[in-house]
Amino acid sequence: MKNTENNNEMLDNNEELGTEIFTLTDEEGNELNFLLLASLEHEGAEYRAMVPVGENGEETSEEYVILKCGVDEDGEPILETIEDDEEFDRIADIFDDEFADIFYDEDSEG
């Protein structure tokens, strides 16, 4: 997926909430909005966990996607699907652990 421009209107509306929404273009030219949940660096590569959102910023899925940060042939930053299953599983485990810690901490504060 190519990271086109941030959707500035949505970003402005959500900045005070500490959210970052990206408009990404898939291989078929469809533009989709994603909320950045978290990012991490692992073994020299950067990854982002993102959840699809609608035009109003509401989550449209309970599942998140993991994309790898890369650079296209023009030197522009892009977000790519992780093709290697082992790499994907390793990064998904890290994100799952991070999210479990966050939700555990939130639940235990109550």
Side-chain angles (χ1 to χ4, degrees):
M1 288 190 173
K2 187 162 189 154
N3 181 5
T4 58
E5 297 178 33
N6 282 348
N7 188 326
N8 292 327
E9 182 180 322
M10 290 177 65
L11 183 57
D12 291 341
N13 291 338
N14 290 298
E15 264 183 4
E16 59 201 47
L17 302 174
T19 59
E20 220 175 326
I21 296 179
F22 293 86
T23 300
L24 305 177
T25 305
D26 67 14
E27 295 81 17
E28 291 143 15
N30 301 311
E31 289 189 352
L32 306 164
N33 295 319
F34 287 86
L35 170 67
L36 177 63
L37 297 175
S39 60
L40 68 85
E41 191 170 320
H42 182 72
E43 296 181 356
E46 186 177 344
Y47 302 89
R48 294 189 177 169
M50 306 176 93
V51 65
V53 294
E55 289 183 19
N56 296 324
E58 74 281 357
E59 293 181 17
T60 59
S61 174
E62 292 184 17
E63 294 186 17
Y64 62 90
V65 297
I66 300 172
L67 300 171
K68 184 175 184 176
C69 298
V71 179
D72 69 9
E73 60 274 354
D74 298 324
E76 296 293 319
I78 59 170
L79 296 171
E80 305 172 295
T81 303
I82 302 171
E83 300 294 333
D84 181 276
D85 289 341
E86 288 180 24
E87 178 184 11
F88 180 86
D89 290 342
R90 189 172 55 249
I91 300 305
D93 286 344
I94 295 169
F95 276 120
D96 286 345
D97 289 345
E98 290 295 319
F99 294 147
D101 288 345
I102 290 168
F103 292 121
Y104 177 78
D105 289 344
E106 286 178 0
D107 289 343
S108 63
E109 290 175 8

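Along the sequence shown, residues carry numbers from 1. What you see below is based on every heavy atom in this structure, not just the backbone, and it leaves out hydrogens, waters and symmetry mates.
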Subject >> Spatial distance of atom CD (E20) from atom CG (L37) [nearest 0.5 Å] >> reply: 11.5 Å

Original post:
Is there side-chain contact between I66 and F88, with at least one heavy-atom pair below 4.5 Å?
Top reply: yes

Original post:
Are any non-hydrogen side-chain atoms of L79 and C69 less than 4.5 angstrom apart?
Top reply: yes

Original post:
Got a sec, which residues hit side-chain contact (heavy atoms from CB on, under 4.5 Å) with E28, two or more places apart in sequence or on another chain?
Top reply: D26, N30

Subject >> Rounded distance (nearest 0.5 Å) linking atom CG of D96 with atom CD1 of I91 >> reply: 11.5 Å

Original post:
OG1 of T25 to CD of E31: how many Å apart, nearest 0.5 Å?
Top reply: 4.5 Å

Original post:
What distance do E80 atom CD and R48 atom CZ have between them, rounded to the nearest 0.5 Å?
Top reply: 12.5 Å

Original post:
Does E63 offer a backbone N or O that forms a donor-acceptor pair with the side chain of S61 under 3.5 Å?
Top reply: yes

**OP:** Starting at CD1 of I21, measure out to CD of E55 and round the result to the nearest 0.5 Å.
**Re:** 11.5 Å

Original post:
Looking at side-chain heavy atoms only, is the closest gap between L24 and M50 below 4.5 Å?
Top reply: yes

**OP:** Could you check N33 against F22 for side chain to side chain contact (heavy atoms under 4.5 Å, CB included), going step by step and ending with a plain yes or no?
**Re:** CA-CA 6 Å; N33 295 319; F22 293 86; over 6 Å; no

Subject >> Reported CG-to-OG1 distance for the pair L67 and T81, which is rounded to 0.5 angstrom >> reply: 6.0 Å

Original post:
Under the ring pair (Phe, Tyr, Trp, His ring centres under 6.0 Å) rule, what pairs show up with a residue in residues 57-77, not counting sequence neighbours?
Top reply: Y64-F99

**OP:** Please examine the side chains of F34 and V53, heavy atoms only from C-beta on, and report whether any two atoms are closer than 4.5 Å.
**Re:** no

**OP:** Can you run down the ring pair (Phe, Tyr, Trp, His ring centres under 6.0 Å) pairs that involve residues 39-58, sequence neighbours left out, and say none if there aren't any?
**Re:** none

Original post:
Would you find a donor on one side and an acceptor on the other, under 3.5 Å apart, between the side chain of N56 and the backbone of E58?
Top reply: no

